[in-house]
Novice: 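Got a structure for you, written out below as structure tokens; questions coming shortly.
Per chain, numbering begins at 1; letters A, B, ... match sequence-line order.
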Amino acid sequence: MMDRQAPIIEIRNLVKHFGSVIALSGVSLSVHRGEVMCLLGDNGAGKSTLIKTLSGVHKPTSGEFLVEGRHVTFSSPRDALDAGIATVYQDLAMIPLMSVTRNFFMGREPVKGVWPFRYVDFDHCDAVTRDEMHKIGIDVRDPHQAVGTLSGGERQCVAIARAVYFGAKVLILDEPTSALGVAQTSMVLKYIHQVRQKGLGVIFITHNVRHAYAVGDRFTVLNRGKTLGTYAKSEIAIDELQNLMAGGKELQAVSAELGGMV
Amino acid sequence: MMDRQAPIIEIRNLVKHFGSVIALSGVSLSVHRGEVMCLLGDNGAGKSTLIKTLSGVHKPTSGEFLVEGRHVTFSSPRDALDAGIATVYQDLAMIPLMSVTRNFFMGREPVKGVWPFRYVDFDHCDAVTRDEMHKIGIDVRDPHQAVGTLSGGERQCVAIARAVYFGAKVLILDEPTSALGVAQTSMVLKYIHQVRQKGLGVIFITHNVRHAYAVGDRFTVLNRGKTLGTYAKSEIAIDELQNLMAGGKELQAVSAELGGMV
Amino acid sequence: AQQSSRIIVVTHGQANDPFWSVVKNGVAEAGKDMNVQVDYRAPETFDMVSMSQLIDAAVNQKPAGLVVSIPDASALTASIQKAVAAGIPVISMNSGSDVSKKLGAMLHVGQDEVEAGRIAGAKLKELGGKVGLCVNQEVGNVSLDLRCKGFTDGFGGKVTVLPVTNDPADVRAKVKAALAADASVDTVLALGAGTAGEPTVAAVKDAGKTGAVRVATFDLSAGFLKSVAAGEAVFAIDQQQYLQGYLPVAFLALNAKYGLMPGGNVPSGPNLITKEKANQVIDLSAKGIR
Amino acid sequence: MSPAPAIKKIQDERLKEVSLLTKIMRRPELGALAGLILVAIFFISTADASMFTLAGIMNILSPASQLGILAIAAALLMIGGEFDLSIGSMVAFTGLVFGAFVTLSGLPLLLAIAATFVVAAILGGLNGQLVIRTRLPSFIVTLAFLFILRGLSLVGLKWATGGSTQMRGIGAQSNEDFVREIFSGTALEGLFSWLAANDLIAKFPNGTPTVTGVPVSILWFIGFALLATWILLRTRAGNWIFAAGGDANAARNSGVPVDRVKTGLFMLTACAAALVAILTVLDAGSTDARRGFQKEFEAIIAAVIGGCLLTGGYGSAIGAFFGAIIFGMVSIGLTYTRFDSDWFQVFLGAMLLLAVLFNNFIRRKVTGER
Amino acid sequence: MSPAPAIKKIQDERLKEVSLLTKIMRRPELGALAGLILVAIFFISTADASMFTLAGIMNILSPASQLGILAIAAALLMIGGEFDLSIGSMVAFTGLVFGAFVTLSGLPLLLAIAATFVVAAILGGLNGQLVIRTRLPSFIVTLAFLFILRGLSLVGLKWATGGSTQMRGIGAQSNEDFVREIFSGTALEGLFSWLAANDLIAKFPNGTPTVTGVPVSILWFIGFALLATWILLRTRAGNWIFAAGGDANAARNSGVPVDRVKTGLFMLTACAAALVAILTVLDAGSTDARRGFQKEFEAIIAAVIGGCLLTGGYGSAIGAFFGAIIFGMVSIGLTYTRFDSDWFQVFLGAMLLLAVLFNNFIRRKVTGER
Ligand SMILES: Nc1ncnc2c1ncn2[C@@H]1O[C@H](COP(=O)(O)OP(=O)(O)OP(=O)(O)O)[C@@H](O)[C@H]1O
Ligand SMILES: Nc1ncnc2c1ncn2[C@@H]1O[C@H](COP(=O)(O)OP(=O)(O)OP(=O)(O)O)[C@@H](O)[C@H]1O
Ligand SMILES: [Mg+2]
Ligand SMILES: [Mg+2]
């Protein structure tokens, strides 16, 4: 199903410190073409820190980082975008005061005309935004509405639709489904599936083991800044995965108490 | 199991407009003692708007609001807190630049000494914070750490631990589990269960039908600012509930495609 | 009121500047005495561009007479000439005696700042001063800079400019610092009595150098005059700026009424107020007349 | 219970009808226009009638235009999330630089102007780079430049003139009419003398029109306002400015070159200051050490009256345009009234407050915000 | 793969060891102290030795203390998320009010002081209520008050004195020594004359010590800094101030009475201005229309040098304390050096920039931020 050449993204022994806090202490990981790699782990395990390092927001303290087999160092998120890594951050990277359209096209505005009279055709942008949002299951009432007035889930959908629309080689999604309703979640999972089929790599972070298992090909579990291991879907059952994600804590007890519905 | 006197909270025909946007168009709802009322619905259905109206953040455009059978109008969240309504907001109501302890006790700082020499015993507060966070499954490295440096899930846990610690008559939780890891989620669900057993009322908002079904007694589904109906747990099966939450959209199709794992 | 007997005064000095508030009092008094309407206008800071705009605004209102100060001839030429072209009689005051005629003003009332500074400098030199300090509370305000320049010329000895602010604590501390840093300073000239002069006297007292350091100031304030009377300061230099406000308005009013106008410039000062005269003027100064 | 309604995008039932008026008034700049109208009404009822003659309006617009050029630049910078407190000192310093190029170096006017803009751009870039590199607040960095440039203006003036704080006679010797006409004096003179000849506008007794033309600074002001509006609303750079000011981190994460945008804005602000310096120096023929004093302050006021948020990310150039006119009208307008000038500041403050309150009131009323 | 480690709270492996020094230097105010030390080193090496004698230090501290009282109040207000640009004018206005109470109404000193504080608190409350009710930025509201109060001071002074802009003789007639001693002159005079008598401090030739005591304004300054620090760090009100400034909405949602906190801060700021007014008026015996000119500006500078964020929610009173001393030392210190005074502003700007840069550099170095 997928070609196992050089991975699109590979990291080796990545370490990241914030002042005295050690957020990542030696993480290795690889993502291939046409593969959905799920990154799982407890709160504070370092998942967001890891993907922010991949997308150029943080500079790693040490460690190797290869894109398509070549060493890279990103000095800004723009570098990562240029290298084909598109990211939906957990904190969304949106400007609340700006309109939906302007947020959607932020940093990648299509221009028309010749310099110095180059301009952005915002009518066209509005149409695209409305369209893309509709595809993901949200009727934007008015693309000029400020993003700050959208509901949490609607905002998440803007971020995802944006990343997908400007599709790249690798799509990184940090808990994209956490704020979404059932319908929107299905939509996003379907998107992830489509993206994989187009041959892109996907890194998908989630706390919902069902979502992960529904679309993931491989699962990497982080715990307290370290990898607990990487498993292919065939190697691990959903329950084992769930236990691993929770760090083996006294989960069964609670779960049983509440009727095993978690 | 629960006494069916006057509901702790009852609203009738609540309407809320934001300028030209109609966020709620006539919602009725009641919560009783010792009951977990799950509020479900699509993104943008108006759930957060509804609970923000209950907790005094927004003033309703029209409609009735009764607490323990008496009509009330809150002019600020403080009024709601004083009336015994504690809320964990979706956007958390935390100050990123302030320490964990200061956020934990914000608005409800315990004071010592006599006026004008009243002071806050922050050492004691630090200990309480560390303790409460530990109970919910988070080891706070340093209670003086700014909340802004915590991971999304850790921040959520602070908000929940705070609301539970200062427990009131009604606890409102807006998507508390969405950013949480498996272990923390179980913890929160267990908390909700405990709170109910103490005789408090709980309003629990979630997009995860399993979480809702695990702890909920009754389920109210909102759609586009209107109630689709309220069901007791005995009246509805989990699959029906899920369909209702998604607004009956072409969910089955997607779900089937992905192996029914959503 | 009658449009014809309105006189507008545009200067570069703000209404809250102690020096100019006296001018303004003179203007108001003359308006009352002559039974004409007077308006006093000045920009919010020393700003030649907005001053020229204020003159334009005055010209638009076609007054019976216009009184202006001319601290920067280049910047104000166009506006003043426009007033003259519009047939409005113009009298210049305070500064600009050199260009007054050329711009078409009927006459000039006042004392050149440089000249006043030179006289003060010469007097202090005569009193035995050798190393001087010029305390400037508004560096960059051309009229104050010119006072320092005149002082330097007339004094002959070494003069350092000490930039300070309007804050008495700041003036006091800086003068004290300057006296401590250079023990040879024996003369201090402040450019404003209330703002810079009084704290300077206090600073000299703090430094234990009362008497050893000659203190003088431009303009008058009751507090400073007391110090002059007490011998803590040597003199205050008075331009009698009340006249600079009163006379032009009176002249223009009479001009409007009877077509009268004196034949030449009127020098309003300077007038050195020393120990002997100090006591008589204290009350007038407290009322904003001197 | 019925299933969810299957309404498609025809008419969303969750939107109330809003009138066109409401839609128009929702734009931030039009609140400022409402404030302007209020202030104008106040003066029409209290001031001398000559205030609203053609000459009177030109008289109001000239200070407004000089302030306005600065205010628009300040507004763009504020939208981009930064302040520049050195604008006022920059006016003095670039005025000196320009004066020195003309009188001391004897450069032709065009070259002197170009060189002045280059100096301004370099200084603005320096401001920007310091803010970005050190990650200090721009408030404090540009404040340092407020002092440094003001001080350098004093030192430079004394050096250039041999001891005076005033440099005179700038541009008197130059006779390149074309460049001069772009940067000083009045435009459309032919039109105005024709109008005067036909008794359509007021004349002095000697027959010259009271207004000989539109001061060029007003044309620059209008042109700059239009350009800035176009940039903000229609170009990629405009989107980047909003994004950089709204949330620099989020913008950076989305690939906006925030640092480049901010540096560019600082350079633009400095160049706007240079433009004002050139306009005023050529007009007045002189410059002094106090030029532009506190203009940074007034520019920010005008931008805020015009609806810019101090926290960045929101505002408009047209708002700053109206804000500058309000400020100019209040400060010149009071001289047309019979109020004692002692009360000037009281009125200025009260009028500012009223204009902003009214602007705010209208906006809330119209948009139905609570 | 092994299951998750079951480490309990003994030692978290995800924390590096940090030295005590690092921990201390992480406090925002100590960055300002580092800046102060740098500035002091600069002056020790360039200025006249008399600058760091006891008399010299008192001389630096007395203007610094007046600025500092304002700066600490401004810092609290900034932490609470608002600005007050009317502080400077408030100094002039409350000075006038106090003067009028003493000279015109002939109130006893204590009553006059109390009444002045009441007036200040009312004005501050008005500021605060306007900001809260209108939801306009405090920048613009207090700016209006900057003008209004400045104008009223002028009008009031002229009215009270019959035409002069200076009111004098305040406190000359009053002879309540106790109250006077608290608000003016020097304290600890006995100690200092004893020290002088024992040749421990410098004397004038006539035997009186060069420093007769500590100016009371310095004691007020220190006392206020300690009080403000205690409030910020140890009280409920302090937590509310941080919360209100950090995110007013979040704070309100958590039950913090944000509006009351902000109004209280505005009142505090106005009272700080009144305190400075009373101290200076009693000291100088007079007040004039230009008192406190631009002090609002300097106070904000000092607070920012001291590490306050302009966006609110972060800062310290001790930082503002050091910030005021840095500002005072730079502005007074230059007169002790041999630099040409024309360069004064250039140095002032450069020193400010250096102090802040150094402060920033130290903090980053020590905390290991990148
Ligand atoms: N800028 C920072 N400064 C200090 N510590 C930080 C910073 N950013 C993250 N951390 C710490 O690093 C750890 C990892 O955080 P991270 O956000 O990567 O967790 P996560 O795995 O994404 O958790 P979640 O599932 O809750 O989002 C956390 O303990 C957090 O407190
Ligand atoms: N302040 C506001 N101004 C204008 N519209 C608003 C405002 N707040 C909310 N809305 C709109 O009201 C609707 C309901 O929003 P709300 O946040 O209550 O949804 P929600 O049910 O909580 O959704 P989610 O599950 O995504 O959090 C949304 O369409 C949103 O755009
Ligand atoms: Mg995360
Ligand atoms: Mg919500």
Novice: Under 4.5 Å, counting heavy-atom pairs only, tell me which of Gly246(E), Pro257(E), Ser254(E) racks up the most with chain B.
Specialist: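 Heavy-atom pair counts peak at Ser254(E).
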
Novice: Do the numbers put Lys262(E) on top of the ring of Phe266(E), so that NZ or CZ is under 6.0 Å from the six-membered ring centre and no more than 45° off the axis?
Specialist: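 The answer is no; the distance or angle limit is not met.
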
Novice: Side chain from CB out, backbone as N, CA, C, O: work out which of these in Met98(B) comes under 4.5 Å of a heavy atom of chain E, or both, or neither.
Specialist: side chain

Novice: Which answer fits Ile231(E), side chain, backbone, both or neither, if we ask what part of it has an atom under 4.5 Å from a heavy atom of chain B?
Specialist: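 Ile231(E) has no heavy atom closer than 4.5 Å to chain B.
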
Novice: In the structure I gave you, are the side-chain heavy atoms of Val131(E) and Glu82(E) within less than 4.5 Å of one another anywhere?
Specialist: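 Val131(E) vs Glu82(E): side chains touch.
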
Novice: So, applying side-chain hydrogen bond (donor to acceptor under 3.5 Å, both in side chains) with Glu175(B), which one of Gln156(B), Lys47(B), Gln90(B) is it?
Specialist: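 With Glu175(B) as partner, side-chain hydrogen bond (donor to acceptor under 3.5 Å, both in side chains) holds for just one option, Gln90(B).
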
Novice: Taking side chain as everything from C-beta outward and backbone as N, CA, C, O, which of these in Phe122(B) sits under 4.5 Å from a heavy atom of chain E? Side chain, backbone, both or neither.
Specialist: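 The answer is both parts of Phe122(B).
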
Novice: With chain E as the partner, which of Ala80(B), Gly107(B), Pro110(B) has the greatest number of non-hydrogen pairs under 4.5 Å?
Specialist: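 Most heavy-atom pairs within the cutoff with chain E belong to Gly107(B).
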
Novice: Test ring-ring contact (aromatic ring centres under 6.0 Å, His included) on His211(B) and Phe204(B) and set out the steps.
Specialist: CA-CA 10 Å; His211(B) 295 174; Phe204(B) 174 38; 7.4 Å; no

Novice: Inspect the contact between Arg33(B) and Glu68(B) and indicate whether a charged nitrogen and a carboxylate oxygen are less than 4.0 angstrom apart.
Specialist: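 Here Glu68(B) pairs with Arg33(B) in a salt bridge, since their nearest N and O are under 4.0 Å apart.
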
Novice: Which atoms of Arg102(B) come close to chain E, meaning under 4.5 Å heavy atom to heavy atom: side chain ones, backbone ones, both, or neither?
Specialist: both

Novice: Side chain, backbone, both or neither: which part of Asn239(E) has an atom under 4.5 Å from a heavy atom of chain B?
Specialist: both

Novice: Looking at Phe166(B), is Arg108(B) sitting on its ring face, NZ or CZ under 6.0 Å from the six-membered ring centre and within 45 degrees of the normal?
Specialist: yes

